[in-house]
Amino acid sequence: MTSAADMEALAARLGLPFYEKIDDSAVDTALLERFPLAFARANLILPLKERDGRLLVAAGDPANLPALDEVRGLFGLPVDLALTTPQAALEAVNHLYSRVGGSAQEVVEELEGEDLSKIATELNEPRDLLDLTDEAPVIRLLNSILFQAVKERASDIHIEPYEREVEVRFRIDGILYKMLTPPKVVQEAIISRVKIMAGLNIAEKRLPQDGRIRVIVAGRDVDIRVSIIPTFFGERVVLRLLDKKKGLITLEDMGLSTTGVRAMERLLGRSNGIILVTGPTGSGKSTTLYAALNRLNSPEKNIITIEDPIEYQLKGIGQIQVNPKIELTFASGLRSILRQDPDIIMVGEIRDAETAEIAIQASLTGHLVLSTLHTNDSPTAVTRLIDMGIEPFLVASSLSAVLAQRLVRVICPHCREEYAADREYPGITLPPVIYRGRGCDACFGLGTLGRTGIYELLLIDPEVCSMIIRRAPAGEIKEYAVGRGMKALREDGLAKVAAGITTIEEVMRVTQEDYADLPL
């Protein structure tokens with residue numbers, strides 16, 4: 001009897017409270033400091049509140065009477081029982097204990113006087129970092145850094161050695177924040193521990209190395225890409241965190257307008273042509289491609305990708321990892337894909353003329369091709385392909401659309417407030433009401449919580465085709481497209497400012513290179 005309906009019916013028969021989901025507000029986290037995580041997890045039980053000398057406890061298994069007796073003995077209080085589902089109990093335990101866990105800074109403070117000369121052997125199987133509290137000092141430090149990074153929604157961890165210190169920074173919503181400064185003496189031990197976990201050569205300190213780590217943090221499966229490079233003061237480590245539990249977002253979740261979603265669906269419904277996604281590194285291009293593939297994925301279609309690296313495994317889609325060491329490049333992999341009878345092809349990035357030519361030929365022979373390109377806006381993608389050496393008539397006949405994008409930080413909904421703008425922006429008419437985040441516990445005082453996209457979708461119509469063939473400059477193409485109703489990046493951003501989704505400062509920050517002629 002584990003379903004919510006069955007458990008709720010049992011609670012009603014017994015006259016007990018029922019929690020379909022245990023919210024943070026229902027739990028006094030001070031009680032958790034006296035309640036072992038392993039016991040809570042194993043018995044699906046959680047202390048909620050102490051009231052009038054009695055302890056309210058939520059249980060996912062009400063028949064586990066010995067566990068209730070142990071709770072009674074542990075707190076020395078009579079116990080009142082509430083029911084929940086086993087799944088809700090486990091999720092609450094993982095979530096709440098992740099909030100009360102010690103920070104990496106606390107572990108650094110505990111390191112003083114510890115023996116840092118030994119490193120434990122590699123963890124053969126992924127273990128939940130919440131359980132690893134009694135490991136060797138350096139392992140506890142690295143575990144705490146990983147744990148805190150996941151808790152604070154970091155996408156990257158930077159471990160940077162300098163002359164007299166080591167600096168650890170987290171990238172949260174696209175911005176780097178300094179988090180802690182471990183003692184210089186632990187530098188080699190931390191980096192060696194990362195190498196052990198990633199299966200890298202700990203003796204090699206002169207060459208760059210790349211690897212992967214899989215860990216579990218508070219019940220969440222996290223895949224970590226590891227990059228290590230040698231610098232003057234020691235090896236520098238960057239860890240890219242990919243939370244598998246978050247899964248793929250949809251086109252609707254990306255921040256595209258309703259009109260934009262409909263336009264993308266029409267484009268994805270075509271049987272051939274190239275759809276390009278452009279923007280600088282870290283602008284969410286890969287996420288957009290994955291969202292498009294997720295929409296296209298069906299048993300009737302043969303979809304194959306070539307990526308560098310493969311960030312998410314997609315069921316039902318063949319994914320190839322680029323490997324230059326064995327001469328498996330985007331171009332050579334793309335040639336092989338064409339012999340696999342594909343309907344849809346995704347190329348992680350068009351980096352050279354050879355890859356561009358093969359992608360164009362594939363689109364002209366009845367394949368839908370999705371790829372990315374590094375340009376600032378959508379019209380520039382056209383001139384970039386021509387600059388690579390692609391004939392303009394081939395670009396015009398194969399290209400269906402170009403989607404340029406940026407990521408902006410979203411105002412925290414828990415502390416959002418109206419305010420009066422304290423400066424003017426030349427050429428920009430601010431909406432009558434604008435918002436910002438004050439900073440609260442939910443957003444760790446940052447005032448922002450997550451990111452969304454701003455977009456510029458250039459549709460290749462017959463007039464744009466003729467412009468491409470006569471090599472019209474990107475500015476002329478953009479002027480025509482805007483006149484036909486295309487929203488430029490900054491215009492889409494300002495619409496999100498007016499809707500209270502992001503701040504004017506964010507929009508100006510991520511679009512400034514597109515408007516270099518305007519003062520900021």
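In this text the structure is predicted, and so the values were computed from the model without any measurement.
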No-hydrogen, no-angle side-chain donor-acceptor test under 3.5 Å, [X] and [Y]:
X	Y	result
Q361	E357	no
R236	T231	no
Q319	Q313	no
Q187	K184	yes
Y312	N294	no

How far apart are the C-alpha atoms of E349 and D308, what are their side-chain angles, what is the distance that settles it, and do they pass the side-chain contact (heavy atoms from CB on, under 4.5 Å) test? CA-CA 8 Å; E349 183 183 344; D308 183 24; over 6 Å; no
Could you pull out the closest heavy-atom pair between [X] and [Y], with the gap in Å?
X	Y	value
R212	I310	NH2-O, 3.4 Å
I303	I317	O-CG2, 3.5 Å
E307	E311	OE1-N, 4.1 Å
S332	E327	OG-O, 3.1 Å
P230	P208	CD-N, 3.8 Å
G316	N297	O-OD1, 4.0 Å

Aromatic contact, F170 with Y177 (centres under 6.0 Å):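 Not under 6.0 Å, so no.
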Test your reading of the model: is there a side-chain donor-acceptor pair from N272 to the backbone of L368, 3.5 Å cut-off?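 No, the answer is negative, given that no donor and acceptor are paired below the 3.5 Å cut-off.
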Would you say H367's side chain and A362's backbone share a donor-acceptor pair under 3.5 angstrom? yes
Contact between [X] and [Y] at the side-chain level, heavy atoms closer than 4.5 Å - yes or no?
X	Y	result
L449	P413	yes
T502	T452	no
D156	L241	no
V222	I216	no
R451	V408	no
Q209	N201	yes
H374	R351	no
I172	E152	yes

Does the side-chain contact (heavy atoms from CB on, under 4.5 Å) test come out yes or no for I306 and M346, once each step is laid out? CA-CA 6 Å; I306 180 161; M346 191 268 268; over 6 Å; no
Residues 379-402 side chain polar contacts: donor-acceptor under 3.5 Å, at least two apart:
unit_1: T380; atom_1: OG1; unit_2: D377; atom_2: OD1; d: 2.2
unit_1: T383; atom_1: OG1; unit_2: T380; atom_2: O; d: 2.9
unit_1: S397; atom_1: OG; unit_2: F393; atom_2: O; d: 2.8
unit_1: S397; atom_1: OG; unit_2: L394; atom_2: O; d: 3.2
unit_1: S398; atom_1: OG; unit_2: L394; atom_2: O; d: 2.7
unit_1: S400; atom_1: OG; unit_2: R270; atom_2: NH1; d: 3.3

Could [X] and [Y] be called an ion pair, given the rule that one side-chain N must be under 4.0 Å from one carboxylate O?
X	Y	result
R335	E354	yes
K487	E456	no
E188	K205	yes
K21	E91	no
R295	E252	yes
E491	K496	no
R409	D173	no
R262	E265	no

Just verifying a value: how many Å separate [X] [atom1] and [Y] [atom2], rounded to the nearest 0.5 Å?
X	Y	atom1	atom2	result
E235	S227	CD	OG	11.0 Å
T278	N376	OG1	CG	8.0 Å
I157	R171	CD1	CZ	12.5 Å
L296	L370	CG	CG	6.5 Å
T287	D253	OG1	CG	11.5 Å
D492	R406	CG	CZ	12.0 Å

The side-chain contact (heavy atoms from CB on, under 4.5 Å) partner of L403 among L459, T288, T372 is T288
Passes side-chain contact (heavy atoms from CB on, under 4.5 Å), I304 versus I345? Steps please. CA-CA 5 Å; I304 304 179; I345 301 168; 5.6 Å; no
Is it the case that over 12 heavy atoms from other parts of the model lie below 6.0 angstrom from the CD1 atom of I202? no
Could you check I454 against T511 for side-chain contact (heavy atoms from CB on, under 4.5 Å), going step by step and ending with a plain yes or no? CA-CA 10 Å; I454 59 173; T511 62; 3.8 Å; yes
Sequence neighbours left out, what passes side chain to side chain contact (heavy atoms under 4.5 Å, CB included) with E165? Give chain and number order. Y162, E167, T181
Would you please test K478 and E476 for salt bridge (Lys or Arg N to Asp or Glu O under 4.0 Å) and show each step? CA-CA 5 Å; K478 185 163 191 173; E476 184 180 333; over 6 Å; no
List for me each residue that meets side chain to side chain donor-acceptor pair (under 3.5 Å) alongside K285, sequence neighbours excluded, and say none if there are none.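 Applying side chain to side chain donor-acceptor pair (under 3.5 Å) to K285 gives none.
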